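If you're wondering where the values come from, they're calculated on a predicted model, not measured in any experiment.
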Amino acid sequence: MGNTIMGDKIMSLSVKELLKQFTGTNGMAYGVDTAIKALRPGAKFQMKAGDGVFEFPQWWDPNNLPAPSKDEIMAEFERQKAVAEYYQYAYDRCREYPDGFEQFDMLWHAINNGVNLKDSDWFKAIKEVKEKYPKPEGQAPE
């Protein structure tokens, strides 16, 4: 009938937790499974999906809540997608910033040589990355 997804990790609904828990290689990882885990923290399940239908042949929730509906799952999926897209700039920046030791060395040399920090190699390197990957305008999704 489709893919089977197993899940049993406790998740929080907060954006902060989403950012910590759903981190992928190139940004925030999100999917139907993470949506279910956010909607029903602590639930253990097996899910089958196919032809636009979600089925739960195995479902256990510590609060005895039923499995979420397809509409609930897709709404949470879209929320997580919006959060991931909004915060992608931060992941992109992290990949391109000089590593911490290099930044400290750049700062030390600037200070040691009496260079105004806004004129330093460190500031220029950070500014270049921030300009390449600007923070989106508007409120972050909740």
Side-chain angles (χ1 to χ4, degrees), residues 1-63 65-113 115-142:
M1 163 152 233
N3 299 325
T4 299
I5 303 168
M6 298 297 288
D8 63 355
K9 195 170 184 181
I10 296 174
M11 296 293 160
S12 169
L13 289 174
S14 74
V15 169
K16 186 175 183 180
E17 281 299 310
L18 285 173
L19 291 173
K20 284 196 282 186
Q21 299 295 331
F22 305 137
T23 303
T25 304
N26 296 313
M28 199 175 116
Y30 58 91
V32 169
D33 59 331
T34 60
I36 295 166
K37 291 173 186 178
L39 291 166
R40 302 293 191 271
K44 295 183 181 187
F45 59 91
Q46 179 182 37
M47 186 186 96
K48 292 183 180 182
D51 300 322
V53 177
F54 297 158
E55 295 179 8
F56 294 92
Q58 296 181 11
W59 178 262
W60 178 84
D61 182 270
N63 298 308
L65 295 172
S69 70
K70 179 183 176 185
D71 289 343
E72 288 176 296
I73 294 167
M74 295 314 297
E76 177 61 20
F77 172 86
E78 290 300 325
R79 185 185 79 84
Q80 290 182 13
K81 180 180 175 188
V83 169
E85 289 171 351
Y86 181 88
Y87 287 104
Q88 185 62 44
Y89 80 95
Y91 288 97
D92 294 336
R93 285 180 178 181
C94 286
R95 280 197 320 266
E96 292 204 26
Y97 282 140
D99 72 37
F101 291 114
E102 186 177 347
Q103 286 190 45
F104 281 132
D105 191 52
M106 294 164 91
L107 283 169
W108 185 88
H109 283 287
I111 293 167
N112 189 55
N113 294 327
V115 175
N116 179 326
L117 288 181
K118 281 202 161 187
D119 296 326
S120 70
D121 290 340
W122 170 80
F123 184 84
K124 291 172 188 172
I126 299 301
K127 184 178 181 190
E128 179 182 334
V129 174
K130 284 183 174 281
E131 288 175 349
K132 185 175 180 180
Y133 302 108
K135 183 177 179 178
E137 294 188 20
Q139 287 283 81
E142 293 185 19

Main-chain N/O of H109 paired with N113 side-chain donor or acceptor, under 3.5 Å: yes
Residue pair I36 / F56, side-chain heavy-atom distance below 4.5 Å: yes
Y86 to G138 - nearest heavy-atom pair and separation: OH-O, 3.3 Å
Atom of L117, atom of A110 and distance for their closest heavy-atom approach: CD2-CB, 4.0 Å
Interatomic spacing from CG in N116 to CD1 in I111 - rounded to 0.5 Å: 11.0 Å
Closest approach of P68 to L39 (non-hydrogen atoms, all atoms of both residues): CB-CD1, 3.9 Å
Exercise: identify the closest heavy-atom pair between A38 and E76: CB-OE2, 3.5 Å
SB check R40 E72 (cutoff 4.0 Å): yes
Value rounded to 0.5 Å, distance of NZ in K124 from NZ in K127: 10.0 Å
Q58 side, atom CD; K44 side, atom NZ - distance, nearest 0.5 Å: 11.5 Å
Side-chain donor/acceptor of E55 to backbone N/O of K48, under 3.5 Å: no
Stepwise side-chain contact (heavy atoms from CB on, under 4.5 Å) test for D92 and V129: CA-CA 9 Å; D92 294 336; V129 174; over 6 Å; no
Side-chain donor or acceptor of D99 paired with backbone N/O of F101 under 3.5 Å: yes
Minimum heavy-atom distance between D61 and A43, given as atom pair plus value: OD2-CB, 3.8 Å
Donor-acceptor contact present, side-chain W59 to main-chain L65, <3.5 Å: yes
Separation between CG of D105 and CH2 of W122, rounded to the nearest 0.5 Å: 14.0 Å
Pair Q103-I126, side-chain contact (heavy atoms from CB on, under 4.5 Å): steps then yes or no: CA-CA 9 Å; Q103 286 190 45; I126 299 301; 3.6 Å; yes
Audit row: F45, K37, side-chain contact (heavy atoms from CB on, under 4.5 Å) steps and yes/no: CA-CA 10 Å; F45 59 91; K37 291 173 186 178; 4.3 Å; yes
side-chain contact (heavy atoms from CB on, under 4.5 Å) assessment of Q88 paired with E85: CA-CA 5 Å; Q88 185 62 44; E85 289 171 351; 5.7 Å; no
Give the table of side-chain donor-acceptor pairs shorter than 3.5 Å for residues 130-137, with sequence neighbours excluded, one pair per line with atom names and distance.
from	atom 1	to	atom 2	distance (Å)
K132	NZ	E96	OE1	3.2
K132	NZ	E96	OE2	3.0
Y133	OH	E96	OE2	2.6

